[in-house]
Amino acid sequence: MNTETAAAAVLDHWIDGASASPASGTYSSGTNPATGGPTVRIAGGDPTDVDAAAAAATRAFPGWRRFSAPERGRILRRIADAIREHAETFADLEIEDTGKPRRTALAEVENSAAYFEFYAGLVNLPVGDVLDVEPGQHIYTRREPYGVIGIITPWNVPLNQAARAVAPALVTGNVVILKPAETSSQTTMLLARLSAEAGLPPGVLNVVLGSGSVVGTAIVSHPAVRKVAFTGSVQTGRTIGRIAAERIIPLTLELGGKSANVVFADADLDVAAREAVRAFSANAGQVCSAGTRLLVERPVHDAFVARVAALAGELREGEDIGPLITRTQFAQVQEYFQIAHEEGATAVIGGSVTDDPALAGGFYVKPTIYSDVDNSSRIAQEEIFGPVLVTIPFDDEADAIRLANDSEFGLIAGVFTRDIGRAFRVADSIEAGQVFINTWSTGAVQTPFGGHKNSGYGREKGIEAMLHYSHLKTVVAVY
Ligand code: ADP
């Protein structure tokens, strides 16, 4: 354990460019999901801490806004460098909090650096327009920052989610109050500290730790907060949405998914099988963009599912596939095993907790596939957030599209076929924010990301995100 990890034994807030202990004086204990043992003691924030962060952010905003665009870009680039320099430390902390495999953690750290680098390069975007209306008038539009942005992130990809929202928020001239999930706050705190060392002025990025119902609610309700970006469950999205509606502030909601992966008989089935496994098992299925409904053309369904099951069976728990994040999540996935049983589903593989004695105490379940499931069943409709795949046969293109869209969610989708026309038709017809053809998902920071239907609204990532972290002003001058 290096000094940075050791220093994190007590995790305090980061407010106004410095560590700040909670007004309540209370701390909760984190849990290592790989062992069930304790990790750090995490500050229990309350509205007083949010007030302090909001005051610091409000003070910092005019100054940050006056920074020249290139100077803001240079600071973001230095943050990207600092993330890369401390990649191993970030990975250590993320592994302690989430149990994810090291190569996954390191890939996420690199991706987080890429967000800062990408947005640093876009610091002069988005540009405004000049509108030609009448002689003697000069009319132009400009995009302006909102001011204080509240960002609430979940536990599944903690550093990455923070970077994904913070980088575009900062580059467009906003200041931030960030609340990571209470179970996995360590990397966000290191990001805040390194950002300060990279030259980010005090108050521009504040982190308040604690529970969603207390700190999260206080952030969304705070009069200084002008926009909120939230990633998490549909239920919490609705709760936040009600407050935002009352306050008339804009929201980006990145919520759940039950994404369909559509495999036609003519596809390269080796590629499709490999991607189907990656789609449902990455991060132990704990990503909103997991591909958890595998729709397979009926003539190849059974053979293809056998192939997917064989590949998934090679995943080593504890090596390729990490634990579930919390005891609660562990219990929830086991509850779905029970629901599957009651619904009469057949587990081709898995359907239980791990039986590896070396992993005892950790929150591990086996990668699980239920075959030939009815799309209306609970295991096909509800987000399980574990490495659990259901397979559903379909008869033709129209049937595949109907089944893919028969879901309250619409985050991402995949289509595997060698027929390019069909690939585009299906991509056009599926209600989802992102569709992948002959591949599954991408971490590329350039690609706009967000949902249709209950998967949310607004977009993160890409140039598109900058439109959500800035608003438009029209200026009309007569001369
Ligand atoms: P998940 O199921 O992914 O944990 P949650 O929606 O419960 O999703 O949590 C995502 C983030 O939202 C976490 O940081 C959590 O603390 C926060 N959160 C939970 N409840 C609320 C709430 N009522 N208001 C604001 N934030 C909340």
Side-chain angles (χ1 to χ4, degrees), residues 11 13 22 28 30-31 33 42-47 49-50 53-54 94 97-100 149-166 176-189 191-192 206-222 225 227-247 249 251-258 283-290 292 323-333 335-336 363 382-386 388 409 411 451 454-456 460:
L11 209 61
H13 308 309
S28 63
T31 305
I42 304 155
D46 67 15
D49 302 314
V50 174
E94 210 75 295
D97 277 348
T98 67
K100 62 183 68 201
I149 307 255
I151 296 173
I152 300 175
T153 56
W155 43 257
N156 54 353
V157 199
L159 177 66
N160 215 257
Q161 306 270 10
R164 187 178 81 177
V166 168
V176 169
I177 306 174
L178 170 56
K179 192 202 92 63
E182 44 276 58
T183 42
S184 52
S185 307
Q186 296 195 75
T187 50
T188 300
M189 200 50 70
L191 173 67
N206 307 277
V207 182
V208 183
L209 305 173
S211 82
S213 55
V214 177
V215 176
T217 304
I219 291 174
V220 183
S221 312
H222 201 285
V225 172
K227 182 220 154 70
V228 169
F230 171 76
T231 306
S233 63
V234 175
Q235 195 189 354
T236 307
R238 283 202 176 97
T239 307
I240 288 177
R242 279 186 210 105
I243 302 172
E246 200 57 48
R247 294 198 50 226
I249 57 167
L251 259 186
T252 301
L253 291 179
E254 207 265 87
L255 308 175
K258 191 77 183 179
N283 214 39
Q286 301 171 114
V287 280
C288 45
S289 55
T292 47
L324 301 175
I325 185 79
T326 56
R327 223 175 279 283
T328 312
Q329 190 61 26
F330 188 42
Q332 178 174 310
V333 173
E335 203 177 309
Y336 275 105
F363 309 146
E382 297 175 17
E383 189 177 38
I384 298 174
F385 240 58
V388 182
F409 298 108
L411 194 53
N454 283 3
S455 294
E460 300 283 5

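Counting convention: from 1, in listed order, for ligands and their atoms alike.
- The main-chain N or O of T326 is never found under 3.5 Å from a side-chain atom of Q329 such that the two would form a donor-acceptor pair.
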Kindly determine whether K179 and T188 satisfy side-chain hydrogen bond (donor to acceptor under 3.5 Å, both in side chains), including the steps that lead there. CA-CA 9 Å; K179 192 202 92 63; T188 300; over 6 Å; no

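- Among all protein heavy atoms, the one lying closest to atom 23 (N) of ligand 1 is T217 OG1, 3.9 Å.
- Protein heavy atoms all stay at least 4.0 Å away from atom 9 (O) of ligand 1.
- When all heavy atoms are compared, the tightest approach of V333 to I384 is CG2-O, 3.9 Å.
- Taking every non-hydrogen atom of T231 and a distance limit under 4.0 Å, the qualifying atoms of ligand 1 come out as 10 (C).
- Side chain of E254 to backbone of E460: no donor-acceptor contact under 3.5 angstrom is found.
- Residue contacts with ligand 1 for I240 involve side-chain atoms from C-beta outward but no N, CA, C or O (heavy atoms, distance under 4.0 Å).
- Ligand-side atoms of ligand 1 in range of G216: 24 (N), 25 (C), 26 (N), range being under 4.0 angstrom from any heavy atom.
- You'll find the side chain of H13 reaches within 4.5 Å of the side chain of V208, heavy atoms only.
- Nearest protein neighbour of atom 20 (N) of ligand 1, counting heavy atoms only, is T236 CG2, 3.4 Å.
- Less than 4.0 angstrom separates some heavy atom of P180 from each of these atoms of ligand 1: 14 (O).
- Residue V220 places every heavy atom at 4.0 Å or more from ligand 1.
- For atom 14 (O) of ligand 1, the closest non-hydrogen atom of the protein is T153 O, 2.7 Å.
- Looking at E383, its side chain does come within 3.5 Å of a backbone N or O of G257 through a donor-acceptor pair.
- Counting all heavy atoms, side chain and backbone alike, N156 lies closest to V287 at ND2-CA, 3.6 Å.
- In terms of heavy atoms, L324 sits closest to F385 at CD2-O, 4.0 Å.
- In terms of N/O distances under 3.5 Å, ligand 1 is approached by S233.
- Counting only non-hydrogen atoms, the option in R242, Q329, E182, E383 that gets closest to atom 15 (C) of ligand 1 is E182.
- Counting protein heavy atoms only, atom 22 (C) of ligand 1 is closest to G212 O, 3.4 Å.
- If you look at F230 next to ligand 1, the close heavy atoms, those under 4.0 Å, all belong to the side chain.
- Here the side chain of Q161 pairs no donor or acceptor atom with the backbone of T231 at under 3.5 angstrom.
- Shortest contact from atom 4 (O) of ligand 1 to any protein heavy atom: W155 NE1, 2.8 Å.
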